Asker: 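To start, I am sharing the structure in question, which I have written as structure tokens.
These numbers were taken from a predicted model, which means no experiment stands behind them.
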Amino acid sequence: MYDAVGESGMSSTRGGRSTLSGPTALITGAGSAEGIGFACARKLHAAGVRVVITSTTDRIHSRARELDASGEAVLSFVADLTVETEVQRLVDSVLSRLGGIDILVNNAGMTQTGRPTKSKPLIETSFAEWQNQIAITLHTAFRMTRAVLPGMTARKYGRIVNITSVTGPLVSNPGSAAYGAAKAAMDGMMRAVAIETGRDGITINGVAPGWIATGSSTESEKIAALHTPLGRAGTPDEVAAAVCFLASPEAAYITGQILVIDGGNILQEKKVS
């Protein structure tokens, strides 16, 4: 399952406002119109970055047309990033069209169309279910990071931003063992890569959202967000703002770090007003 729409034709600046002019960004898991991945793509595109987006279904082409109605300025790909060959074909296709990948946003994870996941206590989780969550959330980030590093290393420049979570690295919930393990492992991988690639001009960081209002938010999550210190859920655009900063030249001396975007929720022991 693999196809592409569009060619790169966008200018390097937009009204002289951009601090991110020129580079190419590849954002995974950008299929949902209300999701964090598409918000990252939208903000980077507005900043003058050439944007490539991918997801597992054809809806990614609709997202590309929303960013650029002409269909010329944004590349969109359908690819299953749990499959090694599709990851390499995706990266090779982007490189052949645009010449390089300067920014990678690893947003794919948690769920995947056609591969249902369900929150269960660990004792009720089968090994196949465990493996499925690890494959969707951790292995996709591993494969994508490994695939873009050779080009970044050769050019002595790169920005990698992982969309991790507070769940796993910092807090947890019942039924989140597999997901939390995958997100915590992403952070461990990130720190090693930061050390391994820093001398090559590459930075890698994570953005850890808390309660963010997306199309997949459950009623219980919406209620929980009301008890954050800020009294509301965050927005995908607020997460994307952090991603945009970490992907920028201004973040050149930041690597191996996690930026929490949770409205201060992890600060408080008592969660109910």
Side-chain angles (χ1 to χ4, degrees), residues 1-8 24-41 44 51-67 71 74-98 101 103-119 125-152 160-165 168 178-179 181-183 185-186 189-190 193 204 206 214-216 236 243:
M1 179 176 61
Y2 189 90
D3 62 323
V5 169
E7 293 291 338
S8 173
T24 296
L26 171 56
I27 302 102
T28 69
S32 171
E34 298 83 25
I36 291 171
F38 187 57
C40 292
L44 287 167
V51 166
V52 182
I53 54 177
T54 183
S55 75
T56 59
T57 67
D58 287 340
R59 65 180 180 172
I60 197 66
H61 303 321
S62 297
R63 301 291 84 76
R65 287 188 290 271
E66 288 174 35
L67 291 176
V74 176
L75 282 171
S76 56
F77 291 85
V78 175
D80 183 347
L81 305 183
T82 66
V83 179
E84 184 100 18
T85 54
E86 294 204 23
V87 169
Q88 196 58 55
R89 288 175 66 186
L90 166 64
V91 171
D92 288 346
S93 294
V94 176
L95 294 177
S96 69
R97 287 164 171 79
L98 303 181
I101 298 169
I103 299 164
L104 170 65
V105 180
N106 281 315
N107 177 67
M110 187 170 74
T111 60
Q112 186 184 89
T113 302
R115 298 177 68 166
T117 59
K118 185 177 180 180
S119 296
T125 301
S126 70
F127 186 56
E129 290 168 329
W130 175 273
Q131 287 181 308
N132 183 50
Q133 182 56 250
I134 299 298
I136 291 171
T137 300
L138 175 61
H139 291 171
T140 53
F142 160 72
R143 289 192 175 99
M144 287 301 304
T145 300
R146 187 180 59 174
V148 303
L149 279 177
M152 289 181 174
I160 301 172
V161 184
N162 293 335
I163 307 300
T164 177
S165 178
Y179 175 77
K183 289 299 189 181
M186 282 178 67
M189 178 185 73
M190 173 205 68
V193 174
I204 178 169
T214 68
S216 63
V243 172

Asker: Does any part of the side chain of Gln133, heavy atoms only, come nearer than 4.5 Å to the side chain of Thr125, both counted from C-beta?
Answerer: no
Asker: Return the minimal non-hydrogen interatomic distance between Phe38 and Leu67, and the atom names on each side.
Answerer: CE1-CG, 3.7 Å
Asker: Closer than 3.5 angstrom, by distance alone: can the side chain of Thr82 be matched with the main-chain N or O of Ile136 as a donor-acceptor pair?
Answerer: no
Asker: Ile160 versus Met152: any side-chain heavy-atom pair under 4.5 Å?
Answerer: yes
Asker: Taking the side chain as every heavy atom from C-beta outward, state whether Val52 and Leu98 have any pair of such atoms under 4.5 Å apart.
Answerer: yes
Asker: With side chains defined as the heavy atoms from C-beta onward, is the minimum distance between Thr24 and Leu75 less than 4.5 Å?
Answerer: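 Result no, sub-4.5 Å side-chain heavy-atom pair not found.
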Asker: One pair to check against side chain to side chain contact (heavy atoms under 4.5 Å, CB included): Val243 and Ile27. What are the steps and the verdict?
Answerer: CA-CA 11 Å; Val243 172; Ile27 302 102; over 6 Å; no
Asker: Stepwise, does the side chain to side chain contact (heavy atoms under 4.5 Å, CB included) test hold for Met144 with Leu26?
Answerer: CA-CA 10 Å; Met144 287 301 304; Leu26 171 56; 3.3 Å; yes
Asker: Identify the two heavy atoms, one from Ile134 and one from Ala178, that lie closest to each other, and give their separation to 0.1 Å.
Answerer: CD1-O, 3.9 Å
Asker: Can you name the one residue among Asn107, Asn106, Thr145 that meets side-chain hydrogen bond (donor to acceptor under 3.5 Å, both in side chains) with Asn162?
Answerer: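 Testing each of Asn107, Asn106, Thr145 against Asn162, the sole residue satisfying side-chain hydrogen bond (donor to acceptor under 3.5 Å, both in side chains) is Asn106.
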Asker: Quick one: does any side-chain atom of Thr137 pair with a main-chain N or O of Tyr179 as donor and acceptor, under 3.5 Å?
Answerer: no
Asker: Side chains of Val94 and Val148: does their closest heavy-atom pair fall under 4.5 Å?
Answerer: no
Asker: Can you tell me how far apart CZ (Arg146) and CD (Glu84) are? Round to the nearest 0.5 Å.
Answerer: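 One gets 4.5 Å once the value is rounded to the nearest 0.5 Å.
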Asker: Provide the closest heavy-atom pair for His61 versus Ser76 in the form atom of the first, atom of the second, distance.
Answerer: ND1-OG, 2.8 Å
Asker: Which atoms form the tightest heavy-atom contact between Met190 and Gly206, and what is the distance?
Answerer: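 So the two residues come closest at SD-N, 3.5 Å.
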Asker: Do you know which two heavy atoms are closest between Val105 and Cys40, and how far apart they sit?
Answerer: CG1-SG, 4.4 Å
Asker: Under the side-chain hydrogen bond (donor to acceptor under 3.5 Å, both in side chains) rule, collect the residues that match up with Thr85, sequence neighbours excluded.
Answerer: none
Asker: Check Ala135 against His139 and note the closest heavy-atom contact, atom names and distance.
Answerer: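 Smallest interatomic distance, heavy atoms only, reads O-CB, 3.5 Å.
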Asker: Val83 and side chain to side chain contact (heavy atoms under 4.5 Å, CB included): which partner among Leu81, Asp80, Val87?
Answerer: Asp80
Asker: Going through the checks in order, is the side chain to side chain contact (heavy atoms under 4.5 Å, CB included) test met by Thr140 and Thr28?
Answerer: CA-CA 9 Å; Thr140 53; Thr28 69; over 6 Å; no
Asker: Are the charged groups of Arg63 and Glu66 less than 4.0 angstrom apart, N to O?
Answerer: yes
